[in-house]
Amino acid sequence: MEKLLLRNVDKENSHTIDVYLSGGGYRAFKKALKEMTPDDVVEEVKISGLRGRGGAGFPTGMKWEFAAADVKEPKFFVCNADEGEPCTFKDRVIIEKDPHALIEGMLIGAYATGCRYGYIYIRGEYPIGRKILERAIAEAYERGFLGENILGTDFSFDLYVHSGAGAYICGEETALIESLEGKRGEPRIKPPFPVNAGYLWKPTVVNNVETLANVPLIIERGGKWYSQIGSPDCPGPKLFPVSGKVKRPGVYELPMGTPLEEIIFEHAGGIVKDRKLKAVFPGGASSSVLTSEEINVPMDFPSLAKAGTMLGSGAIMVLDETDCIVKATLRLTEFFRHESCGKCTPCREGTDWLVRILRRIEEGKGSEDDLDVILSISETMENSFCGLGMAAHNPAASTVRKFKDEYLLHVKLGRCPFRSV
Ligand code: L3W
Ligand code: SF4
């Protein structure tokens, strides 16, 4: 497949505006600004079928339509660059290697929705990305793509970078907005959705980095062209970060809907030392596990939901036959316990109890009853306040269901069967 999202990343100095312009950069923004009305841009994005790449897959054109229809001012356009999910490192490639694609996507989105100010909220652990973005923004101002009366029109847009401080929950859009306002990053109740009441309770579009990097392509080549790539219900190119026990870990750009098996065994080279594949978390740390018999599944939002898991960020985490499923689940759940913001009881207490129980099973001190307790806690966590708690139990609940024998072996042996001593 022709490289679309990663078309620029292998060029020398791909992060600079000169290299971006020489490859046709900012042409889509100029087209939108000079030849299209804001409504035309929204319509083109709706035709494309683009769905958010941050985890939930909400239709981008619809989100922009809601924001455009809101008359409160000023409106804000926020890029969610708080890429904190374990094993998710796809947005980083765009931020560091093609920052102008992101800025161009924001400019087109801001024009379409009538936003006057923009923020890129980048995770604190990406200091290099922050510097690259700041430099790219300065270049865009110098060339007249940002600021007042851009390219001689009445469209004005100022863009700033805001760095997070290490909290995963700030990737949840309303916690991100709280943090941007200078408050502790805790989620707000939805609705109202940010498109109507976001930053400073004004209309605010929040889009993920990868989502925005798709936008110049859609405007330049057309929504219809884009809608024919990948899965019909969920089109476009997709970045898949693949990690764990594969021969060639990395970020792969493939059409949405590429089978998981093909990504692991063809693109990522198969399992290290040609061992057997044991399990895959197909959509980041909060997705439910798939067994080796379940990997012939298209990697898109509806197909993975049908398979009882989720696409999430598209991060594929591969475990082989030498990995302990209990230990892997414990590690993932420890992450969520650490990152739970503590606002609501099911998540704050649930993640803590899951860690305690998983740890005792992993240490060989668990009982068979613990498995039912894990499932019962998981059920309660479904009632958490935000997506973090609603999904944090997925690794535990799904591995208990699908790898029950391995859990029971820990109980029976009184130790982890994968430890050499
Ligand atoms: C207007 C409506 N807007 C929904 C918007 C909503 C949001 C998007 C998705 O994320 C996953 C989970 C986490 N009118 C709307 C509407 N929206 N209905 O659509 O909304 P929702 O509520 O389905 O999901 P969510 O809670 O935003 C859940 C993952 O996303 N997640 C994402 C992190 C992303 C980053 C990143 O991009 N760097 O960190 C965090 O919770 O895992 O899978 O925009 O406003 N009727
Ligand atoms: Fe905070 Fe977890 Fe509750 Fe979300 S689910 S509000 S992260 S405690």
Side-chain angles (χ1 to χ4, degrees), residues 5-6 50-60 63 78-96 102 105 120-123 125-126 129 164 167-173 175-176 206-214 230-231 234-244 246 249-258 260 263-264 267-268 280-290 297-305 307-319 328 331-333 335-336 339 386-392 394-395 398:
L5 294 168
L6 300 182
L50 174 64
R51 292 174 59 170
R53 305 298 201 234
F58 192 80
T60 307
K63 189 182 276 192
V78 174
C79 169
N80 186 347
D82 193 49
E83 185 174 53
E85 181 93 357
C87 298
T88 306
F89 42 86
K90 64 178 179 79
D91 293 341
R92 180 179 184 171
V93 178
I94 296 167
I95 292 166
E96 293 186 1
L102 165 56
I120 301 175
Y121 187 101
I122 186 165
R123 71 184 301 216
E125 294 86 343
Y126 280 178
Y168 169 75
I169 189 57
C170 291
E172 195 284 331
E173 59 179 357
L176 182 157
V206 185
N207 283 146
N208 163 266
V209 172
E210 184 188 347
T211 312
L212 292 166
N214 278 278
S231 302
C234 180
K238 174 81 191 89
L239 297 181
F240 295 107
V242 188
S243 64
V246 288
V251 177
Y252 293 92
E253 177 185 338
L254 294 163
M256 190 72 98
T258 302
L260 178 56
I263 299 177
I264 295 172
H267 302 284
V280 186
F281 292 93
S286 45
S287 58
S288 293
V289 77
L290 294 175
V297 59
M299 286 291 285
D300 60 42
F301 291 104
S303 304
L304 284 173
T309 181
M310 63 180 187
L311 181 68
S313 60
I316 298 166
M317 214 183 299
V318 179
L319 274 63
R331 286 285 170 272
L332 295 174
T333 313
F335 171 80
F336 291 116
E339 296 299 339
C386 84
L388 190 154
M390 285 179 212
N394 284 337
S398 61

Distance-minimising heavy-atom pair for [X] and [Y]:
X	Y	result
Thr60	Gly52	OG1-N, 3.7 Å
Leu319	Ala328	CD2-CB, 3.6 Å
Arg51	Pro302	NH1-CD, 4.1 Å
Ile94	Ala213	CD1-CB, 3.8 Å
Leu304	Pro298	CG-O, 4.0 Å
Tyr126	Phe89	OH-CA, 4.3 Å

| message | Determine whether a donor-acceptor pair (N or O, by modelled atom type, separation under 3.5 Å) exists between the side chain of Tyr252 and the backbone of Ile263. | response | no
| task | Determine yes or no for a side-chain-to-main-chain donor-acceptor pair under 3.5 angstrom, with Ser398 supplying the side chain and Val289 the backbone. | result | yes
[X]: what forms a side-chain hydrogen bond (donor to acceptor under 3.5 Å, both in side chains) with it, not counting sequence neighbours?
X	value
Asn214	Tyr226
Ser286	Glu85
Asn394	none

| salt bridge (charged side-chain N to carboxylate O under 4.0 Å, His left out) involving Glu83 - partner list, sequence neighbours excluded | none
| message | Checking Glu96 now: which residues fulfil salt bridge (charged side-chain N to carboxylate O under 4.0 Å, His left out) with it, not counting sequence neighbours? | response | Arg92
Looking at side-chain heavy atoms only, is the closest gap between [X] and [Y] below 4.5 Å?
X	Y	value
Val93	Leu239	no
Lys238	Leu254	no
Cys87	Phe281	no
Met256	Phe301	yes

| message | Tell me every residue that passes ring-ring contact (aromatic ring centres under 6.0 Å, His included) with Tyr121, counting only those two or more places apart in sequence or in another chain. | response | His162
Of all residues at least two apart in sequence or in a different chain, which pass the side-chain contact (heavy atoms from CB on, under 4.5 Å) check with [X]?
X	answer
Asn208	Arg53, Lys90, Asp91, Glu210, Thr211
Pro86	Ala285, Phe335
Ala81	Cys79, Ile95, Ile120, Ile122, Val209
Ala167	Ile169, Cys170

Tabulate below the donor-acceptor pairs under 3.5 Å that side-chain atoms of residues 309-318 make, not counting sequence neighbours, or state none.
unit_1, atom_1, unit_2, atom_2, d
Thr309, OG1, Ser288, N, 3.1
Thr309, OG1, Ser288, O, 2.8
Ser313, OG, Thr88, OG1, 3.1

| Can you list the steps and then say if Leu388 with Glu172 is a side-chain contact (heavy atoms from CB on, under 4.5 Å)? | CA-CA 8 Å; Leu388 190 154; Glu172 195 284 331; over 6 Å; no
| If you measure from CG on Asn207 to CG on Leu212, what distance do you get to the nearest 0.5 Å? | 4.5 Å
